[in-house]
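Before any comments, here is the structure.
Hydrogens, waters and symmetry mates are skipped; everything else that's a heavy atom, side chains included, is used. Just so it is clear, the model here is predicted, and its values are computed rather than measured. Residue indices begin at 1 and follow the sequence shown.
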Amino acid sequence: MKDGEAYITGTLKEEIRSILTASGACAVGFAKAGPVDSSEWDRFGEWLSRGDNGGMEYMHNYPDLRRDPRLLLEGAKTVISLAFSYNPAKWRHKDSGNIAAYAYGKDYHKELRRILKPAVREISGKFPEAHFRICVDSAPILERYWAQKAGIGIKGDNGALIIPGFGSFIFLVEIITDLAIEPDAPASGDCGHCGTCRRACPGNAIGENGTIDCRRCISYLTIEHRGEWTLPESVATMQTAEGRNTIYGCDICLRVCPHNRGVSPSPIQAFTPSEKMLSITATDIQSLKNDEDLRSLLPSSTMSRAGIEGLLRNVGFSGSLGIEESPRNR
């Protein structure tokens, strides 16, 4: 008994963890559902107030839900945090243009939900009265906060969550449930603060406490940002050699991180890069005319998130990747 609550502990708790680990998760942890700590919530608010979210205005939405995940599921008592590796076995050649490794495989939103549904059904068989909500970027929740709270990893200076032994090329998923599962101890320690990620970031986007100024971040600018880049700091970032060599997203701060050295490739087949994804070029992107072309070139890929206009903007900016300069940028 803790705080007057009868928790699922011992063998039953570890059975739940084992079922979820068997689905492919490299880490599974449990945290008591409740309001986000004031210090973390204040940091999030300060990040928004500085405008570091760039054009992601949706980050202002649903503050009550984001602050307290119990509002996402009636009677919620536990946040289960899971990590899935997407560390690639093979990388694109840099001369072909940079594409973030998380996009090498199939769309993780769909794949992780598909992977987890059978596991949740198995747990439901043991607890038929329980309810679950799988969150794969589908709910306003501070996922790295809850992952640390559940004890599965620590946050690096670049804001990425680091899973011991598995690094930071990982997807995070939350399962909110009304099962009261004994919480794990929160993660402690830090990444070591070697400064490598800060020094490597082309736009100097990495701030204090693992915060990112999206206006200076190649990943945000080539994925989430809509329209042309107009802010001086954004244009300057995309005019760097790394910015010019980017098709979609950025892994620079992850690839230089010591915690990613010697990490085994992801065992999840859906995240194994196809030869097509490894060989796509800026010229292929420039050939796109409509959504059908995009779906044909990038089936089941998260790269469609940027849309045709975004991808064309990325490869056409100031003659990046050796492509003739786009007329709209002359």
Side-chain angles (χ1 to χ4, degrees), residues 85-106 108 156-160 162 166-171 194-206 212 214 216-225 229 234-266 271-288 294 297-298 301-306 308 310-326 329:
S85 171
Y86 65 87
N87 193 47
K90 192 174 181 181
W91 292 88
R92 287 172 53 83
H93 193 281
K94 64 179 182 179
D95 291 344
S96 298
N98 293 322
I99 293 177
Y102 90 88
Y104 279 14
K106 295 181 179 179
Y108 70 94
D157 281 347
N158 61 353
I162 300 165
F166 295 94
S168 51
F169 286 100
I170 51 101
F171 296 121
C194 69
T196 304
C197 59
R198 282 196 173 90
R199 292 191 295 272
C201 179
N204 296 314
I206 301 173
I212 303 295
C214 291
R216 298 176 178 274
C217 175
I218 291 175
S219 184
Y220 162 77
L221 292 170
T222 58
I223 299 175
E224 297 285 349
H225 184 81
W229 305 296
S234 300
V235 173
T237 295
M238 294 309 302
Q239 284 179 336
T240 62
E242 296 84 358
R244 290 173 180 270
N245 196 42
T246 295
I247 294 176
Y248 179 92
C250 183
D251 285 328
I252 291 172
C253 67
L254 300 180
R255 294 188 69 167
V256 301
C257 178
H259 293 277
N260 287 320
R261 293 175 188 161
V263 173
S264 299
S266 172
F271 301 147
T272 299
S274 66
E275 288 303 316
K276 185 174 184 179
M277 179 56 71
L278 293 174
S279 62
I280 285 174
T281 65
T283 301
D284 294 326
I285 299 298
Q286 278 210 325
S287 72
L288 298 174
L294 180 59
L297 179 66
L298 304 168
S301 170
T302 56
M303 281 180 65
S304 59
R305 182 176 182 85
I308 293 176
L311 292 172
L312 289 174
R313 171 202 61 196
N314 296 347
V315 301
F317 182 67
S318 297
S320 63
L321 303 165
I323 298 297
E324 183 181 352
E325 187 177 351
S326 170
N329 289 320

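Residues that satisfy the ring pair (Phe, Tyr, Trp, His ring centres under 6.0 Å) test with Phe166, not counting sequence neighbours, are absent from this structure. Taking Arg199 as the reference, nothing meets the salt bridge (charged side-chain N to carboxylate O under 4.0 Å, His left out) condition, with sequence neighbours excluded. The salt bridge (charged side-chain N to carboxylate O under 4.0 Å, His left out) search around Lys276 returns none, not counting sequence neighbours.
The main-chain N or O of Thr281 is never found under 3.5 Å from a side-chain atom of Ser96 such that the two would form a donor-acceptor pair. Here the side chain of Arg216 pairs no donor or acceptor atom with the backbone of Thr237 at under 3.5 angstrom. A distance-only check finds no donor-acceptor pair linking the side chain of Tyr86 to the backbone of Tyr104 [under 3.5 Å]. Side chain of Asn158 to backbone of Cys197: no donor-acceptor contact under 3.5 angstrom is found. Without hydrogens or angle criteria, Trp229 side chain to Met238 main chain gives no donor-acceptor distance under 3.5 Å. Using a distance-only test at 3.5 Å, with no hydrogens or angles considered, a donor-acceptor pair links the side chain of Asn260 to the main chain of Ser168. The main-chain N or O of Ser264 is found under 3.5 Å from a side-chain atom of Asn87 such that the two form a donor-acceptor pair.
Considering CD1 of Ile247 and CG of Asp284, their distance stands at 8.0 Å, rounded to 0.5 Å. Atom CZ in Arg198 sits 4.5 Å away from atom CG in Asp157 (nearest 0.5 Å). For the atom pair SG (Cys257) and CZ (Phe169), the distance works out to 8.5 Å, reported to the nearest 0.5 Å. Note that CG of Asp95 and CG of Asn245 are 7.5 Å apart. Values are rounded to the nearest 0.5 Å. In this structure, Asn98 CG and Trp91 CH2 are separated by 10.0 Å, a value rounded to the nearest 0.5 Å. Note that OG1 of Thr222 and OH of Tyr248 are 7.5 Å apart. Values are rounded to the nearest 0.5 Å.
Between Lys90 and Glu275 there is a salt bridge, since at least one side-chain N of the basic residue sits less than 4.0 Å from a carboxylate O of the acidic one.
Across Leu298 and Met303, no two heavy atoms sit closer than the pair CD1-CB, 3.7 Å. Taking all atoms of both residues into account, the shortest heavy-atom contact from Pro202 to Ile218 is CG-CD1, 3.8 Å. Between Ala101 and Asp251, the shortest heavy-atom distance links the atoms N-OD2, 2.6 Å. Nearest heavy-atom pair across Ile170 and Ser85 is CG2-CA, 3.9 Å.
With hydrogens and angles left out, the side-chain atoms of Asn314 and Thr246 include no donor and acceptor closer than 3.5 Å.
Contact check for Ile280 versus Leu297: side-chain heavy atoms found under the 4.5 Å cut-off. Counting heavy atoms from C-beta outward, Glu224 and Cys214 have side chains that stay 4.5 Å or more apart.
Under the 30°/60° scheme for interplanar angles, the aromatic rings of Tyr108 and Phe171 are found to lie parallel.
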Show the numbers, then the answer: is there a side-chain contact (heavy atoms from CB on, under 4.5 Å) between Glu242 and Cys250?
CA-CA 9 Å; Glu242 296 84 358; Cys250 183; over 6 Å; no
